[in-house]
Amino acid sequence: MYDSKITSLHLDVLKEIGNIGAAHAATALSTLLSKKIDMKVPKVEMVSFDDMMDLAGGPESVVAGIYLRIEGDVTGSMFFVLPVVQANRFIQRLVQDETFDFQSGEVSEIGVSAMQELGNILSGSYLSALSDFTKLKIYPTVPALSVDMVGAIISFGLVELSHISDYVIVIDTAINEEDVPNEESVKGHFFLLPDPESFDAIFKALGVN
């Protein structure tokens, strides 16, 4: 199992890359929202699949989840998971529609597009930083959006990986908007699931053995 190779040094490197990606994403989001956005990666850790579900609020909690595949020299899966209440609040501000609700019967296309764009910006910024550091070609597929229970969303990407390992890399993400109280800041999780051979490729390229 490749998870035994992951050390605190590996996680420190991934956190540094995450913060560079977060800075890029904050710039893009600031332009999108026409206000100052601050974004940080407070923590990167390796957790079990069960702990990953708990971090997202438990398998039955409803979230807005963005799923994409990673392609190029590195392959794998990536999720960005946000509690549905926070996703609603963020999209309401983004599209300036306080009635927007992912759980309503009819969800506006502009709101769905805005959430996919958020996923595009965040995942693209992180993978771009990872690519810059490793000099590897890494790019995301078009993200798919799903609003469902955590267990249903995440299990979709775990079928293959679960045969190889019980662990996943979690990149905490905090998005703070200007003039928005800290308690209303967006706190989501990236779940990074490189395919087994890609772990070695990433850390070899980073010079971390």
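The structure presented is a predicted model; accordingly, all values stated were derived computationally and were not measured.
- The shortest side-chain heavy-atom distance between V168 and V47 falls under the 4.5 Å cut-off.
- Shown here for G72 and T75, the closest heavy-atom pair between the two residues is O-CG2, 4.0 Å.
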I'd like a table of donor-acceptor pairs (distance under 3.5 Å, sequence neighbours excluded) in which one partner is a side-chain atom from residues 139-151, with atom names and distances.
| residue | atom | partner | partner atom | Å |
| --- | --- | --- | --- | --- |
| T141 | OG1 | R69 | N | 3.0 |
| T141 | OG1 | R69 | O | 3.4 |

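- Here the OG atom belonging to S198 is positioned 8.0 Å from the CD1 atom belonging to I70, to the nearest 0.5 angstrom.
- With rounding to the nearest 0.5 Å, the separation of CG in N120 from CG in L118 is 9.5 Å.
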Checklist entry - Could you go step by step and tell me if V170 and M46 meet the side chain to side chain contact (heavy atoms under 4.5 Å, CB included) rule? => result CA-CA 6 Å; V170 180; M46 196 94 177; over 6 Å; no
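- Contact of the V63 side chain with the I153 side chain is registered, since non-hydrogen atoms from C-beta on lie closer than 4.5 Å.
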Next on the checklist: For V81 and F190: C-alpha separation, side-chain torsions, deciding distance, then whether side chain to side chain contact (heavy atoms under 4.5 Å, CB included) applies.
Outcome noted: CA-CA 7 Å; V81 175; F190 265 118; over 6 Å; no
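- Checked against salt bridge (charged side-chain N to carboxylate O under 4.0 Å, His left out), D38 has the following partners two or more places apart in sequence or in another chain: K40.
- Residues Q103 and V84 approach most closely at OE1-CG1, 3.4 Å, considering heavy atoms.
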Next on the checklist: Test side chain to side chain contact (heavy atoms under 4.5 Å, CB included) on L122 and I175; report intermediate values, then the result.
Outcome noted: CA-CA 10 Å; L122 296 178; I175 305 170; 4.3 Å; yes
Item to check | Criterion side chain to side chain contact (heavy atoms under 4.5 Å, CB included) on L68 and F80, from CA distance to verdict | outcome: CA-CA 9 Å; L68 54 93; F80 178 64; over 6 Å; no
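- To the nearest 0.5 Å, the span separating CE on M78 from CD1 on I171 amounts to 5.0 Å.
- By the 4.5 Å heavy-atom criterion applied to side chains, E16 and F133 are counted as neighbours.
- Residues D172 and P42 come closest through the heavy atom pair O-CD, 3.5 Å.
- In this pair, H189 and F191 present their aromatic rings parallel. The plane angle is below 30°, not in the 30 to 60° band.
- With S131 contributing its side chain and L127 its backbone, the two residues share no donor-acceptor pair below 3.5 Å.
- Nearest heavy-atom pair, A56 versus S61, reported as atom, atom and distance to 0.1 Å: O-OG, 3.1 Å.
- Contact between L11 and E45 at its shortest, heavy atoms only, is CD1-CA, 4.1 Å.
- For the atom pair NZ of K187 and CG of N176, the computed distance is 6.5 Å after rounding to the nearest 0.5 Å.
- In this structure, the side chain of S34 does not engage the main chain of S30 through any donor-acceptor pair within 3.5 Å.
- We find the CD1-CG distance between I17 and D132 to be 9.5 Å, quoted to the nearest 0.5 Å.
- Note that CE of M115 is 9.0 Å distant from CZ of F100, once rounded to the nearest 0.5 Å.
- N88 approaches F102 most closely through the heavy-atom pair OD1-N, 2.8 Å.
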